[in-house]
Amino acid sequence: PKPALPPNAYADLDHVAPTVAGLHLDYPVLVTPPAKPGGAWGARSDTQTRPRRVTLTLDGASGAVLTRQNFNQRNWVDQAVGYGVAGHEGQLFGWPNTLLSLFTAMGLATSCLSALVLWLRRRSSGVLGAPAPAAAPRFSAGLLAIVAVLGVLLPLFGGSVVIVALAERLLLRRIPRLNTWLGLRPLVTAIVAPLG
């Protein structure tokens with residue numbers, strides 16, 4: 001069981017809260033008590049506009065700010081990721097950012113739908129529409145090494161490659177009509193002349 005907190009464990013909040021409120025940080029602001037008695041309190045702005053985020057440490061007894069870290073004081077990787085996430089979420093430069101994200105999403109949806117329509121119009125009847133391979137594919141050792149390294153570093157990618165390879169080798173090659181429909185290889189029909 002956790003040890004019981006003393007009755008005045010959060011009394012310093014009365015000193016910390018007015019200081020944090022007076023700084024007018026962007027909402028929402030999170031205030032955290034110290035991990036051990038007598039330690040520094042923490043406060044941070046968790047606003048969606050990441051370049052406006054601020055992190056503070058405060059003295060609980062007086063409410064004075066001990067350290068302040070603004071977004072532009074973080075390392076360049078944190079700043080680059082913050083700007084990227086804020087732009088992606090539509091929070092970087094207000095409503096024009098949201099409008100740009102909306103137009104981008106609409107453009108992607110239009111491209112996907114038009115690609116589907118073009119594929120349905122151009123494919124041959126009775127097949128998926130993928131071009132038939134001209135010859136058996138040849139894979140260089142370098143390509144296989146790159147795929148193997150990426151498969152280890154990106155397990156979801158590696159698992160997908162293994163599943164597709166096994167499905168093609170164990171399932172698709174055993175069903176000639178499915179093979180032809182997918183465009184993996186043409187359906188081979190053997191004509192046996194009658195013996196006589």
Margin query: For the backbone of Gly63 and the side chain of Thr19, can you confirm whether one donor and one acceptor N or O come within less than 3.5 Å of each other?
Written below: yes
Check: What is the distance from atom CG of Asp46 to atom OH of Tyr27, rounded to the nearest 0.5 Å?
Finding: 10.5 Å
Notebook entry, point to check: What is the distance from atom CG of Leu23 to atom CG of Leu56, rounded to the nearest 0.5 Å?
Noted result: 6.0 Å
Margin query: Using only atom types and a distance under 3.5 Å, with no angle test, would you say the side chain of Asp59 pairs donor to acceptor with the backbone of Ser62?
Written below: yes
Item checked: Heavy-atom side-chain proximity of Leu116 to Leu120 below 4.5 angstrom -> yes
Check: Between the side chain of Thr57 and the main-chain N/O of Thr67, is any donor-acceptor distance below 3.5 Å?
Finding: yes
Notebook entry, point to check: For the side chain of Ser140 and the backbone of Leu143, is there at least one donor-acceptor N/O pair under 3.5 Å apart?
Noted result: yes
Next item on the list: Side-chain contact test, heavy atoms from C-beta onward, threshold under 4.5 Å: evaluate it for Leu13 versus Trp41 and give yes or no.
Entry: yes
Next item on the list: Give a yes or no on this: more than 12 heavy atoms of other residues, nucleotides or ligands lie within 6.0 Å of atom CZ of Arg74.
Entry: yes
Check: Is there a path from Leu154 to Ile146 through hydrophobic residues (I, L, V, M, F, W, Y) whose side chains come within less than 4.5 Å of each other?
Finding: yes
Margin query: I'd like to know if the side chain of Gln69 reaches the main chain of Val54, judged simply by a donor and an acceptor atom lying under 3.5 Å from each other, with no hydrogens or angles considered.
Written below: no
Notebook entry, point to check: In Å, rounded to the nearest 0.5 Å, how long is the span from CD of Gln79 to CD of Gln73?
Noted result: 9.5 Å
Check: Is there a donor-acceptor pair closer than 3.5 Å between any side-chain N or O of Asp26 and the backbone N or O of Ser45?
Finding: no
Check: Can you hop from Leu118 to Leu113 via hydrophobic side chains spaced under 4.5 Å?
Finding: no
Next item on the list: Could you tell me the separation between the CG atom of Leu30 and the OG1 atom of Thr55, rounded to the nearest 0.5 Å?
Entry: 10.0 Å
Margin query: Can you tell me how far apart CG (Leu58) and NE2 (His15) are? Round to the nearest 0.5 Å.
Written below: 12.5 Å
Checklist line | Phe71 ring center within less than 6.0 Å of Tyr83 ring center | finding: yes
Notebook entry, point to check: Hey, does the side chain of Asn70 reach the backbone of Asn72 with a donor-acceptor pair shorter than 3.5 angstrom?
Noted result: no
Check: With a cut-off of 6.0 Å (strictly less than), are more than 12 heavy atoms of other residues, nucleotides or ligands near CG of Leu156?
Finding: no
Check: Counting only N and O atoms by type, is there a donor-acceptor contact under 3.5 Å from the side chain of Glu168 to the main-chain atoms of Ala165?
Finding: no
